[in-house]
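Below you will find the structure I want to go over with you.
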Amino acid sequence: MFDPGQVIVGLEIGTHKICVAVGEAGPKGELTILGIGQCTSRGVRKGEITDTQKAAEDIRTALAEAEQQANVEIQEVYLGITGNHITCEDSKGVHPIASYDRTITAEDMADAVGNAKQFNCAAGNEVIDSVRQDYCVDDMTGVENPIGLVGSVLTASVHVIRGRTARIETARRVVQSMQVSVAKPVFNGLASALAVLTPEQKRQGVLLIDLGAGATEYAFFYGGMLRHSGVLPVGGDHVSNDLACGLRISIDQAEQLKREIGSAVYDAAAVRGQYYEVPGETGLEPRQISLENFQRIMSMRLEETLELISRDLARAETFGLAQAGVVLCGGGARTRDIEKLVYRIFSMDVVKAHTHAVSGPADVLANPEFATAIGLVRYGAMRLQTRARSRFGIRATLQSLFGR
Ligand SMILES: Nc1ncnc2c1ncn2[C@@H]1O[C@H](COP(=O)(O)OP(=O)(O)O)[C@@H](O)[C@H]1O
Ligand SMILES: [Mg+2]
């Protein structure tokens, strides 16, 4: 189905790091990660490029490392997109059945889905991804496959992820400036979900949360399909900032302390009256910071972020039915006791992500920060598979990525 040894590359331009994953799709669609390239990111804020020159330098470094590790020349990437400009919403597309016998065809389905994508699309925005949910034929709801049914009006329900065209174009041009083309922009939340969620989890109902440095993406699946997604322009950087401001320490110190002694849960009994000595900077004396304040500040910001996600998910009708819990990825998944906090807010089992159904170095597959880049590789592989199927005359759409 694939050309043997097809190389697919995912690029995440993150706030904390640029990450390139190079994968190889075997003849039966099996994926192997051949190499990873990384570089600390300097030109990105809240998931969006704010300094094209610095971003380009860092992307070049990450691409070069990935090329060397995988021993390939990278010509094309699947590009992860995130940021506050992204909107994720359910949309309905209405299409009248015009044929004389009123039998619904695949073209009618495509037209209804196309109308849903365009509905309410503000000027200057474009569709990044869209996932069909189900159809309504006249007054009959919940139809999975309306082909052959007879009706007057076909309505498609589609989860549509849109972004500001200018922001996507900025990222695309920075990548193209190094003679690398963009195969497709993909929402980071979907990419991470592809890397770490199993089909069984998606069937039972599962929430993925990718806790990054400048943005937090989430995607909820139920009944095997994407039901809800979103992004908050808040992440680990905000936790470090709050700690720095609240305790009057430097951002670097706050970041380091967060990783070393931080916890997502405020345990008053354990830290009451306790202090921690932080070395003085630029010739100043060491200082004692209150562990009670430290934990309280850190847990409050994380709790607030998760509460916002929880409130947004209340809009998803099927969220209450989810049985497979919450899966965490992104660097924030390393936060001590984060599972306890997530459990408290969502009342669901919580696990840290592990890439599934991909082979490669164990440390790469277990790394929560690589989920998006590896998911982008999987997205590319599935897209190629879909195209190959279409070439062979089997009706298939990108729906197979996220849908039934
Ligand atoms: N052990 C840890 N405890 C708490 N936060 C951590 C830990 N390790 C990494 N992080 C946080 O994870 C974030 C980086 O995650 P990452 O997924 O790489 O971000 P991005 O995709 O936005 O570049 C940073 O904010 C960092 O502080
Ligand atoms: Mg990320």
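In listed order, ligands and their atoms are each counted from 1. By convention here, the first residue in the shown sequence is residue 1.
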* Asked: Which of the numbered atoms in ligand 1 are below 4.0 angstrom from a heavy atom of Glu12?
  -> 21 (O)
* To do: Within a distance under 4.0 Å of any heavy atom of Gly236, pick out the atoms of ligand 1 and give their elements.
  => 25 (O)
* Asked: Which atom, counting only N, O or S, brings Glu12 closest to the Mg ion (ligand 2)?
  -> OE2
* To do: Would you confirm whether Arg378, through its side chain, and Ala357, through its main-chain N or O, come within 3.5 Å as a donor-acceptor pair?
  => yes
* Starting from atom 18 (O) of ligand 1, which protein heavy atom do you reach first, and at what distance in Å? -> Lys17 NZ, 2.9 Å
* To do: Check each atom of ligand 1 against the heavy atoms of Gly332 and keep those under 4.0 Å away; list them by number with element.
  => 12 (O)
* Numbered atoms and elements of ligand 1 in range of Gly330, under 4.0 angstrom, heavy atoms -> 17 (O)
* **Min N/O separation Ala213 to ligand 1 under 3.5 Å** => yes
* Just need the protein heavy atom nearest to atom 3 (N) of ligand 1, so name the residue and atom and give the distance. => Thr335 CA, 3.6 Å
* Asked: For residues Ser41 and Asp58, is any side-chain donor paired with an opposing acceptor at under 3.5 Å?
  -> no
* To do: Please report the shortest heavy-atom distance between Gly10 and Leu376, naming the atom on each side.
  => CA-CB, 3.6 Å
* To do: Flag yes if more than 12 heavy atoms outside Arg172 fall under 6.0 Å of its CZ atom; otherwise flag no.
  => yes
* Could you tell me whether Glu200 atom CD has more than 12 heavy atoms of other residues or ligands within 6.0 Å of it? => yes
* Side-chain donor-acceptor pair under 3.5 Å between Thr372 and Ser192, yes or no? -> yes
* To do: Using distance alone, determine whether Thr15 and ligand 1 share an N or O pair under 3.5 Å.
  => yes
* Compute the shortest N/O to N/O distance between Glu369 and ligand 1 and return yes if it is under 3.5 Å, no if not. => no
* To do: Would you indicate whether the side-chain heavy atoms of Ile338 and Leu328 approach each other to under 4.5 Å?
  => yes
* For ligand 1, is there an N or O atom under 3.5 Å from any N or O atom of Lys258? -> yes
* Pick whichever of Gly331, Ala333, Ser41 has a heavy atom sitting closest to atom 17 (O) of ligand 1. => Gly331
* Structure fact -> So the atoms of ligand 1 within less than 4.0 Å of a heavy atom of Gly14 turn out to be 23 (O)
* **Arg336 to ligand 1, any heavy atom closer than 4.0 Å** => no
* State whether the side chain of Gln69 and the backbone N or O of Ile36 hold a donor-acceptor pair below 3.5 Å, judged by distance alone. => yes
* Asked: With atoms numbered from 1 as shown, which atoms in ligand 1 lie under 4.0 angstrom from a non-hydrogen atom of Gly212?
  -> 17 (O), 19 (O), 22 (O)
* **Any donor-acceptor pair under 3.5 Å from Thr165 side chain to Gly124 backbone** => yes
* To do: Check whether the side chains of Lys17 and Thr40 place a donor and an acceptor atom closer than 3.5 Å, and report yes or no.
  => no
* To do: Give the intermediate values and the outcome of side-chain contact (heavy atoms from CB on, under 4.5 Å) for residues Val174 and Ile59.
  => CA-CA 9 Å; Val174 170; Ile59 293 169; 3.7 Å; yes
* Hey, is the main chain of Ile261 close enough, under 3.5 Å, to the side chain of Arg336 for a donor-acceptor pair? -> yes
* Asked: Can you list the atoms of ligand 1 that are under 4.0 Å from a heavy atom of Glu255?
  -> 26 (C), 27 (O)
* Numbering the atoms of ligand 1 from 1, which are under 4.0 Å from a heavy atom of Asp237? -> 25 (O)
* To do: Check each of His238, Glu260, Arg334 against atom 2 (C) of ligand 1 and report the one with the nearest heavy atom.
  => Arg334
* Please state which protein non-hydrogen atom is closest to atom 23 (O) of ligand 1 and give its distance, to 0.1 Å? -> His16 N, 2.8 Å
